Every structure is written in C-alpha cells, then in structure tokens.
**Q** 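I have a structure here, written as structure tokens, and I will follow up with some questions on it.
It should be emphasised that the depicted structure is a prediction, and the values quoted were computed from it without experimental measurement.
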Amino acid sequence: MSLYTRFTTHLDAVLDALEADGTLPAGLNRKAVTVEPPRDASHGDLATNAAMVLAKPAGTNPRALAEKIVAQLAALDEVQSTAIAGPGFINMTLTEAVWRTELSALHAEGDAYGRSDIGQGVTVNVEYVSANPTGPMHMGHCRGAVVGDALATLLEYVGHKVIREYYINDAGGQVDVLARSAHLRYREALGEDVGAIPEGLYPGDYLVPVGQALATEHGDRFVGAPEAEWLVAFRTFAVARMMDMIRDDLALLGIHHDVFASEAALQAAGKPDEAEAWLRAHDLVYDGVLEAPKGELPDDWEPVKLPLFRSTQFGDDQDRPIKKSSGAWTYFGADMAYHFQKAQVADQLIDIWGADHAGTVKRIQAAVAALTEGKARFDVKLIQMVRLLRDGEPVKMSKRAGNFVTLADVVGEVGKDVVRFTMLTRKADAQMDFDFAKVVEASKDNPVFYVQYAHARISSLDRRAAEAGIELPVPDLSRLGTEELALVKLAAQFPRVVEGAALTREPHRIAFYLNDLASAFHGWWNVGNDRPEARVILADDPATTSARLFLSRGIGQIIRNGLALMGVAALTEMQ
RNA sequence: GCACCCGUAGCUCAGCAGGAUAGAGCAUCAGAUUCCUAAUCUGAGGGCCAUGGGUUCGAAUCCCGUCGGGUGCACCA
C-alpha cells in the first residue's frame with residue numbers, strides 16, 4: 001500500500017469516527033475528498049480538502065469541521081504536526097521516521113515499488129499500431145506504437161490484465177493494390193522490363209523480394225493470367241510478408257503484440273453479418289440513402305441506397321454505411337464487428353489512432369455502445385502527428401514517391417531508447433517535433449540524456465563505493481538530513497504518479513516525473529561542489545556514506561522502474 | 001458549413017480527474033569546477049493562463065458564447 005493510499009485510509013477512519021459520534025451525517029459522498037502533497041512544500045507533506053468538501057453537506061463551516069478532523073489526525077503516530085490553512089485545508093507534516101521507513105520500503109519492494117492493484121484484474125484490450133500491411137512501418141506509425149505499448153505496460157503494472165492487439169487491415173482495396181504491385185514485381189523477377197512503377201501501385205523496393213519469392217514458387221504461370229486467377233494468392237502471400245516486415249520493425253522498438261487479428265478472417269467467419277443481424281433486430285441498421293458529404297461536394301457524388309447504422313442516435317452527425325453498393329463491407333462495417341468481438345474477450349477497450357482518424361471516432365464509439373448495450377468502457381486515444389526535422393528543416397515524406405522515412409531508419413540512427421523516450425515527452429494530443437539533431441544531443445534540454453545521466457551517476461557511486469570498501473552492512477538512516485529526506489519525498493510520489501498516469505491513461509506523465517526526479521538528484525549531487533561534507537562518499541565517515549548510498553540507490557531504483565514502464569533501458573554509464 | 005483537437009513566460013511545453021502565491025527547460029543576465037562524470041548546479045528577470053459570461057467556498061482546469069490556429073469531413077483505409 002502506498003503512503004498516499006495509507007493516509008487516505010487513515011482519513012477515512014477519522015471520517016467514519018466523526019460519523020459515528022454524530023459530527024458528520026452518515027453517508028456523505030467522499031468522492032471529492034483527496035489526500036495529496038501540497039503544491040508548496042512549506043505547507044507540509046500531505047494536505048486534504050476534506051473539511052472544505054464536506055462542510056456544506058454537513059451543515060457546518062470548513063474551519064470548524066477541520067478542527068474536529070485535525071484533532072484525530074494529530075493523534076496518529078506518523079503525524080508530526082498539523083495545521084489548518086486558507087479556506088480549510090488540513091496540512092500535515094509527517095515525522096522523519098515515516099520517510100526513512102518509506103525509503104526502506106522502496107528498497108524492499110525494488111522493481112515492484114509503484115505497482116498496485118487498482119486495475120483489479122480487469123481485462124483491457126489495447127489495440128495499437130494496426131498499420132496497413134502494405135509496406136514497412138514509417139515514422140508516422142512510431143508515436144502511436146510507443147504510446148500504445150507504454151500504456152499497455154502501465155496498465156499491467158497497476159493490476160490490469162492487458163491484451164496487446166494489432167488489427168490487420170487485409171480485406172480492403174489497399175491490399176488488392178498490394179497484390180497487383182507484387183504481381184508487377186513478380187513479372188520483373190522473371191526477367192520482364194517493367195519500367196517505372198505505374199501510378200496507383202506501391203513503388204517501394206521492399207516488394208522486389210516478394211516478387212522474387214512469388215516467381216520461385218509459381219514460375220511463369222501467372223504472368224499473363226487474368227487477375228482473378230492470382231489476386232487472392234498473391235494478396236495473401238504479400239500481406240504475410242508485409243506483416244513479417246512490420247513485426248521486425250516493431251521488434252526494433254521492443255514492441256510485441258499478443259494478438260494479430262485479421263480483418264479478412266473476421267469477414268470469412270461471418271462476424272460482420274452477425275453484428276448486422278443483431279443491429280437490424282434492434283432497429284439500429286436500416287436501408288437508407290446516404291447523406292451528401294458536408295462541405296464541397298465531390299464531382300461524382302450521387303445518392304445511393306445502403307445499409308446504414310444509426311450512429312446519430314449515439315451522437316454522430318450522420319448515419320454511417322456498413323456496406324458498399326458492391327455489397328462488400330465498408331471498413332466501418334467490419335471494424336464494428338471487430339470491436340464487438342474484442343469486447344467479448346475484454347472488459348475495456350482502448351484504441352490508439354492517428355489524429356487523422358479523428359472523424360471516425362464517434363461512429364465506432366456509437367457502434368460499440370450499441371453492440372455492448374453501453375456496457376464496455378471504450379476509449380479512443382488520438383495521437384497527434386510528429387513532424388520530423390533535420391537541421392531545423394522539416395523532412396519531406398511522400399508515400400507515393402516511396403521516399404518516406406522508415407521507422408527502422410530512425411531507430412537505426414538514434415536508437416530505440418531515444419525514440420521511445422522522446423515519443424513520451426509530450427501529451428499524446430499535442431503535436432510534436434522530432435528533431436534528429438536535438439534528440440541525440442547530450443545536454444539537459446534533452447530529457448533522455450538528463451535522466452540517463454542521473455542514473456549513470458548513481459551507478460558510478462556504487463562503483464566508487466565498492467572500490468572504497470567503506471560501506472556498512474546496515475545503513476543508519478538517521479544520518480539522512482533534510483536535503484536527503486526531500487529526495488525521499490519526491491521518490492515516494494512515484495506510486496502516485498503511476499496511478500495517475502494509469503487512470504488518465506497518460507504515459508507521458510512518467511517521463512515528466514522522471515525528469516523532475518533527475519533534476520532533484522542532480523541538484524543534490526551538486527551540493528557537494530560547494531560543501532565537500534555534503535558529498536555522498538566520505539572516506540572518513542562510513543555511516544553517513546552508507547546512508548547516502550542507500551538513498552542514491554533508492555532514486556536509481558525509481559528511475560529504473562519508471563524507465564521500464566516506458567520501455568527504455570537505464571544506463572550505468574554514459575559514453 | 002459541421003465535427004474534433006489546441007490557445008499557459010520571448011520560444012518549446014508541464015500543470016497531477018477543481019485547491020493555497022501558475023511551474024520546468026531553452027533563450028537573456030549574474031554566479032559555481034584544485035571537488036564522487038560541469039553531459040551538472042545556484043540565483044535573477046520574464047504571465048490579463050486567447051477573450052466574455054456561467055457553475056463553485058475556490059476555475060488554467062468543468063459548462064456556454066466569441067476570436068485565433070490545426071486536423072478531418074465519400075461507399076477510402
């Protein structure tokens with residue numbers, strides 16, 4: 001149980017007691033009651049708003065209520081002093097012993113410090129990446145991949161059961177284009193001069209080996225054959241090869257999905273038909289005429305009658321087609337069934353999407369709400385675009401021209417850890433620049449290095465301590481002074497930060513916290529520049545040295561735990 | 001036209017499910033290295049939290065309007 005959770009429990013007990021003696025009416029809603037560190041450390045270690053929140057429903061005034069609460073909180077062993085401040089805040093200063101104990105707990109729990117069970121084993125399906133299987137991953141996919149993966153790790157860490165899933169869009173027109181592109185490369189592999197790759201086909205070189213493999217397998221028998229004879233086979237083969245590539249790309253980032261779900265397989269299994277039947281039975285799908293698109297009307301637009309899902313009943317602007325006039329499923333029609341399927345395995349769903357799909361969020365949420373009858377929690381997290389910069393200039397990318405920057409290129413250039421950390425240094429819904437020069441820069445405006453440097457310094461202390469051989473087997477933590485305990489207090493916030501990040505599903509909070517922690521550590525370290533007696537390793541004072549090393553390792557542990565959540569390795573020395 | 005996202009220091013961004021005097025880095029200015037890695041640190045200046053209302057004991061945070069920026073808006077995926 002984390003320190004903050006523990007005090008929430010203490011406070012609850014106090015409020016129970018006040019209910020029992022009639023000071024507070026029974027059954028007050030305590031949802032808004034919080035126990036948290038005050039923004040300003042001079043106010044103490046913990047603050048609660050309980051008196052302010054509960055005064056009104058209790059028919060009293062905040063300060064009077066605060067007096068009663070304080071009387072009981074002050075009696076706790078762990079509380080050194082209390083104060084009522086401002087409009088009714090209750091501030092508590094804890095005894096130094098609390099922080100020393102917390103530091104010991106941090107060591108005892110080690111890698112598990114920060115874990116919790118707030119997820120209560122609830123299964124969450126996180127679908128992320130789901131890039132079309134038509135080529136290697138490029139930088140556009142990178143941020144969503146990292147955020148999704150970090151979020152999945154984070155949710156696991158707080159006690160959720162997590163399914164990491166990738167949806168393979170292997171049923172639409174794009175994979176037919178892939179098949180045709182592969183067919184061209186197949187002919188090329190058999191010696192034909194295909195010239196420039198025509199407009200409308202994928203031009204990338206990565207299809208050359210696919211063509212060669214197809215040539216080896218089939219010989220020339222499909223060279224002049226009608227499309228119907230080879231399309232499915234070529235498509236299936238090419239998609240499988242593309243997925244191999246994508247899995248390799250993801251592995252470069254340390255990302256591994258549990259489930260790869262195929263849209264084609266879903267359709268073959270008749271899932272969209274089942275969903276449609278159910279929705280029709282509930283009058284949520286009807287045959288109607290699609291409204292004209294908003295804004296400028298396309299030249300070739302004409303009204304058509306299609307099966308439409310009543311997404312307007314769930315807040316969408318218009319009803320959405322689930323089938324095309326050809327009778328084939330729309331992307332949405334299949335996706336709807338796909339989400340329904342996921343919701344039968346998991347209690348909660350999270351989709352990580354690029355912000356360019358923002359317009360389709362409402363319809364899929366509508367579909368999930370309809371099909372699960374509002375029972376499944378379903379969040380779509382939109383990830384804003386990343387602008388790639390080199391020497392301050394945007395890097396031009398065009399998928400059509402085949403000159404996009406691949407994920408493999410970027411990871412190869414700056415490394416997995418830098419990519420992952422950088423992608424988590426911004427809120428997901430804020431746009432972000434990725435500047436090659438800056439992300440590899442070794443300075444404090446690069447948080448990757450700043451945090452790594454702190455960890456490396458801690459490791460260096462361990463090495464030096466081992467050389468000096470002065471460390472005592474059991475550290476005497478009373479040697480830790482105010483400056484040191486301030487670091488412990490910051491470290492003790494890690495479990496809270498993790499919880500907050502998990503609840504809001506914002507993994508970037510871990511990155512910001514680690515930066516703060518590293519900053520505090522660097523500050524502490526540098527005190528030794530001015531005052532040699534404040535250094536960690538003091539040759540003539542094994543007791544203080546041991547206590548400070550114990551603290552320093554504790555900070556190192558937090559950095560490792562935090563970096564592990566982000567999927568970033570902690571360095572023991574800088575190069 | 002409609003929907004979604006955004007608007008916080010000169011710049012890039014945090015702001016923890018409403019809390020106390022709004023924070024950090026960069027940049028600017030003034031300092032610290034016979035010393036465990038100065039790849040670091042200390043200090044100073046810099047704000048009408050776009051704007052007008054509302055809810056609340058209390059709003060950068062929640063709600064509505066306005067202005068400004070971005071993105072999306074076909075049976076594409």
**Q** Does the aromatic ring of A:F89 sit over the six-membered base ring of B:G19, closer than 5.5 Å centre to centre and tilted less than 30°?
**A**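 It does not: the ring fails the test against the base of B:G19.
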**Q** How is A:P62 classified with respect to the nucleic acid when contacts are heavy atoms under 4.0 Å: base, sugar-phosphate, or nothing?
**A**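 No contact at all - A:P62 keeps every heavy atom at 4.0 Å or more from the nucleic acid.
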**Q** Would you indicate what A:V53 reaches in the nucleic acid, counting non-hydrogen atoms under 4.0 angstrom: base, sugar-phosphate, or nothing?
**A**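 Contact class for A:V53: base.
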**Q** May I ask you to check whether A:Y453 and A:H522 place their ring centres under 6.0 Å from each other?
**A**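 Ring centroids of A:H522 and A:Y453 are less than 6.0 Å from each other.
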**Q** What interatomic distance, in whole Å, is found between C1' of B:A3 and the corresponding atom of B:G45?
**A**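 Going atom to atom, C1' in each nucleotide, I get 43 Å.
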**Q** Given the side-chain rings of A:Y338 and A:Y167, with only the six-membered ring counted for Trp, is the space between their centroids under 6.0 Å?
**A**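 They qualify: ring centres under 6.0 Å apart.
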**Q** Can you find a donor-acceptor N/O pair under 3.5 angstrom joining the side chain of A:D356 to the base of B:U71?
**A**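 Side chain to base: no pair below 3.5 Å.
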**Q** How is A:A47 classified with respect to the nucleic acid when contacts are heavy atoms under 4.0 Å: base, sugar-phosphate, or nothing?
**A**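 The answer is base, as A:A47 lies within the cut-off (heavy atoms under 4.0 Å) of a base atom.
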**Q** Quick one: is B:U12 close enough that its OP1 or OP2 comes under 4.0 Å of any side-chain N or O from A:K427?
**A**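 Negative; the distance criterion is not met.
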**Q** Examine B:C75: is either OP1 or OP2 under 4.0 Å from a nitrogen or oxygen in the side chain of A:W329? Give yes or no.
**A**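 Negative; the distance criterion is not met.
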**Q** Base, sugar-phosphate or nothing for A:D462? Non-hydrogen atoms, less than 4.0 Å.
**A**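 Here A:D462 touches no strand at all.
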**Q** Looking only at atom P, what distance separates B:C63 and B:A24, rounded to whole Å?
**A**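 So the two P atoms sit 29 Å from each other.
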**Q** Which class fits the ring pair A:F309 and A:F332: parallel under 30°, tilted 30 to 60°, perpendicular over 60°?
**A**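 A:F309 and A:F332: tilted rings.
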**Q** Using a 4.0 Å heavy-atom cut-off across all strands, classify A:R457 as base, sugar-phosphate, or nothing.
**A**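 Since only primed, P, OP1 and OP2 atoms lie under 4.0 Å of A:R457, the category is sugar-phosphate.
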**Q** Per the atom types in the model, does the base of B:C75 pair as donor or acceptor with the side chain of A:T330 at under 3.5 Å?
**A**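 No, no donor-acceptor pair under 3.5 Å.
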**Q** Considering every strand and a 4.0 Å limit on heavy-atom distances, what is the contact class for A:L503: base, sugar-phosphate, or nothing?
**A**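 Touches nothing.
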**Q** B:U61 and B:G19: how far apart are their P atoms, nearest whole angstrom?
**A**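 10 Å, rounded to whole Å.
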**Q** Closer than 4.0 Å, any side-chain N/O of A:H357 to the OP1 or OP2 of B:C5?
**A**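 No, no such contact exists.
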**Q** Whole-Å distance between B:A74 P and A:Q318 CD?
**A**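 Spelled out: CD on A:Q318 to P on B:A74 is 8 Å.
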**Q** Testing A:D287, A:L290, A:D319 one by one against A:L306 for a side chain to side chain contact (heavy atoms under 4.5 Å, CB included), which residue passes?
**A**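 Looking at A:D287, A:L290, A:D319, the match for A:L306 under the side chain to side chain contact (heavy atoms under 4.5 Å, CB included) is A:L290.
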**Q** Which part of the nucleic acid does A:G86 contact within heavy-atom distance under 4.0 Å: base, sugar-phosphate only, or nothing?
**A**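 Nothing, no heavy atom under 4.0 Å.
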**Q** Base, sugar-phosphate alone, or nothing: which one does A:R509 contact when heavy atoms must sit under 4.0 Å apart?
**A**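 Sugar-phosphate only.
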**Q** What is the distance from CG of A:L54 to C1' of B:C57, rounded to the nearest Å?
**A**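 Interatomic distance, CG of A:L54 to C1' of B:C57: 13 Å.
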**Q** A:R535 side chain: which of B:C4, B:A20, B:C36 is closest?
**A**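 Nearest listed nucleotide: B:C36.
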**Q** It should be established whether A:R363 places a side-chain nitrogen or oxygen under 4.0 Å from OP1 or OP2 of nucleotide B:C73.
**A**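 No, no such contact exists.
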**Q** Determine the Euclidean distance between corresponding P atoms of B:U66 and B:U21; express it in Å to zero decimal places.
**A**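 Each nucleotide's P atom is 33 Å from the other's.
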**Q** Salt-bridged, A:E165 to A:K342, with N to O below 4.0 Å?
**A**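 Not counted as a salt bridge, because no side-chain N and carboxylate O are separated by less than 4.0 Å.
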**Q** Say we look at B:C76 and B:G68: how far apart would their P atoms be, to the nearest angstrom?
**A**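 The answer is 34 Å between these two P atoms.
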**Q** Taking only the side-chain nitrogens and oxygens of A:R39, find out if one of them lies under 4.0 Å from OP1 or OP2 of B:A20.
**A**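 For B:A20, OP1/OP2 do have a side-chain N/O of A:R39 under 4.0 Å.
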**Q** Taking atom C1' in both B:A32 and B:G70, what distance in whole Å separates the two?
**A**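 Nearest-Å result for B:A32 against B:G70 at atom C1': 44 Å.
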**Q** Nearest nucleotide by nearest heavy atom, which residue falls closer to the 5' end of RNA chain B, A:T48 or A:N169?
**A**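 Its nearest nucleotide lies further toward 5', so the answer is A:T48.
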**Q** Parallel, tilted or perpendicular: which describes the rings of A:F434 and A:F436, with under 30° parallel and over 60° perpendicular?
**A**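 Correct class here is perpendicular.
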**Q** Looking at B:U66, which nucleotide sits across from it as a Watson-Crick or G-U wobble partner, both distances under 3.5 angstrom, or is there none?
**A**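 The answer is B:A50, by the H-bond criterion.
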**Q** Report yes if at least one side-chain N or O of A:R426 is closer than 4.0 Å to OP1 or OP2 of B:C13; otherwise report no.
**A**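 For B:C13, OP1/OP2 do have a side-chain N/O of A:R426 under 4.0 Å.
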**Q** Which whole number of Å gives the distance between the P atom of B:G47 and that of B:G15?
**A**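 Looking at atom P only, B:G47 and B:G15 are 23 Å apart.
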**Q** If you measure from the Lys or Arg side-chain nitrogens to the Asp or Glu carboxylate oxygens, is any gap between A:D351 and A:K381 under 4.0 Å?
**A**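 No.
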**Q** Using a heavy-atom cut-off of under 4.0 Å over every strand shown, decide if A:E573 touches base, sugar-phosphate, or nothing.
**A**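 Base, at least one base heavy atom under 4.0 Å.
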**Q** Quick one: label A:Y331 by what it contacts on the DNA or RNA (base, sugar-phosphate, nothing), any heavy atom closer than 4.0 Å.
**A**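 Base contact.
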**Q** A:T360 or A:N526: which one's nearest nucleotide on RNA chain B is closer to the 5' end?
**A**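 This one resolves to A:N526.
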**Q** What is the distance, rounded to the nearest whole Å, between atom OH of A:Y513 and atom P of B:A14?
**A**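 Between P of B:A14 and OH of A:Y513: 19 Å.
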**Q** Tell me the interatomic distance from A:Y338, atom OH, to B:A77, atom P, rounded to whole angstroms.
**A**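 My rounded result for the distance is 17 Å.
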